[in-house]
Amino acid sequence: MVRAFIAVLLGLGISAQALAAEETPLQLRGVTVVTAEQLQPMLDQGIFVYDLRKKASYVDGHVPSAQSAAAFYDAASTSLDTSFLGSNKSDRILFYSHGTTGWKSYWAAKRAVEAGYENVMWMRGGFAEWAANGFPVAR
């Protein structure tokens, strides 16, 4: 349904860049939306954190303990190769990208839930929110 909506918007002449600038939804079914403040104490509690930004952005700075997952995401099809997530579908996993317009992390979280992962989280505010709070940045 979302793809059909996007196709209609593109058909009306709304560019992909304009769509990309649109903010992500506030909620995502089957996913727990967390803030940077909520994520920070979880980093020491056995959570797998995945950064969906381009590798260059990840290298410039990322949430401590986050792993780059950009190579597993295909923006053209919004698909995610979930093989890197492992076989334990009850692991706590969190995705983030740039910020509230970071659709990569939205789609990654959605695809992980569709693949049967049960404890999926999404930091909707992304790295922008993390950095704005002055939390530690790994390089």
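One distance of note links OG of S79 with CG of D74; it measures 4.5 Å at 0.5 Å rounding. Atom OG1 of T100 sits about 10.5 Å away from atom CD of E22, to the nearest 0.5 Å. How far CZ of R53 is from OG of S105: 10.5 Å, rounded to the nearest 0.5 Å. In this structure, the separation between CE on M123 and OG1 on T32 is 14.5 Å, given to the nearest 0.5 Å. In this structure, I47 CD1 and D91 CG are separated by 10.0 Å, a value rounded to the nearest 0.5 Å.
For K89 (side chain) and A115 (main-chain N/O), a donor-acceptor pair under 3.5 Å exists by modelled atom type. The closest donor-acceptor contact from the side chain of Y58 to the backbone of A66 lies under 3.5 Å. N133 places no side-chain N or O within 3.5 Å of a backbone atom of F135 that could act as its donor or acceptor partner. With hydrogens and angles ignored, the 3.5 Å screen pairs no side-chain donor or acceptor of W103 with any backbone N or O of S97. In this structure, T35 contributes its side chain and Q38 its backbone to a donor-acceptor pair below 3.5 Å. Side chain of R92 to backbone of N119: no donor-acceptor contact under 3.5 angstrom is found. Under a 3.5 Å cut-off, the side chain of T78 and the backbone N or O of A75 do not form any donor-acceptor pair. Checking side-chain atoms of N88 against main-chain N and O of S90 turns up a donor-acceptor pair under 3.5 Å.
The hydrophobic clustering, which links ILVMFWY residues whose side-chain heavy atoms are closer than 4.5 Å, places L85 and Y73 together. Note on V120: it does not cluster hydrophobically with L94, by side-chain heavy-atom contacts below 4.5 Å among ILVMFWY residues. Linking ILVMFWY side-chain heavy atoms closer than 4.5 Å, directly or via other members, places V31 and V34 in two distinct hydrophobic clusters. Under a hydrophobic clustering in which Ile, Leu, Val, Met, Phe, Trp and Tyr are joined whenever their side-chain heavy atoms come within less than 4.5 Å, directly or via other members, L52 and V59 fall into different clusters.
Ring geometry, F48 versus Y50: the interplanar angle falls under 30°, so the pair is classed parallel (tilted spans 30 to 60°). Under the 30°/60° scheme for interplanar angles, the aromatic rings of F72 and F84 are found to lie parallel.
Shortest non-hydrogen contact noted between A108 and L80 is O-CD2, 3.4 Å. Taking every heavy atom of both residues into account, A128 and G99 meet most closely at CB-CA, 4.5 Å. Nearest heavy atom pair, residue V33 against residue L28, reads CG2-N, 4.4 Å. The minimum heavy-atom distance between T82 and R111, with the atom names listed, is CG2-O, 4.5 Å.
Here the side chains of V137 and V63 are not in contact, with every heavy-atom distance at 4.5 Å or above. The closest side-chain heavy-atom distance from M42 to M121 is below 4.5 Å. Counting heavy atoms from C-beta outward, Y96 and F127 have side chains that approach closer than 4.5 Å. You'll find the side chain of W130 reaches within 4.5 Å of the side chain of Q40, heavy atoms only. Side-chain contact check for V49 versus L43: some heavy-atom pair is nearer than 4.5 Å.
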Would you check, one step at a time, whether the test salt bridge (charged side-chain N to carboxylate O under 4.0 Å, His left out) holds for E129 with R124?
CA-CA 9 Å; E129 179 186 358; R124 181 178 178 267; over 6 Å; no
Would K54 and H98 satisfy side chain to side chain contact (heavy atoms under 4.5 Å, CB included), going step by step from the backbone distance to the final call?
CA-CA 10 Å; K54 291 180 181 176; H98 285 288; 5.9 Å; no
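Remark: Q45 CD is packed, more than 12 non-hydrogen atoms of other residues, nucleotides or ligands lying under 6.0 Å away.
Less than 6.0 angstrom separates the ring centroid of W122 from the ring centroid of Y106.
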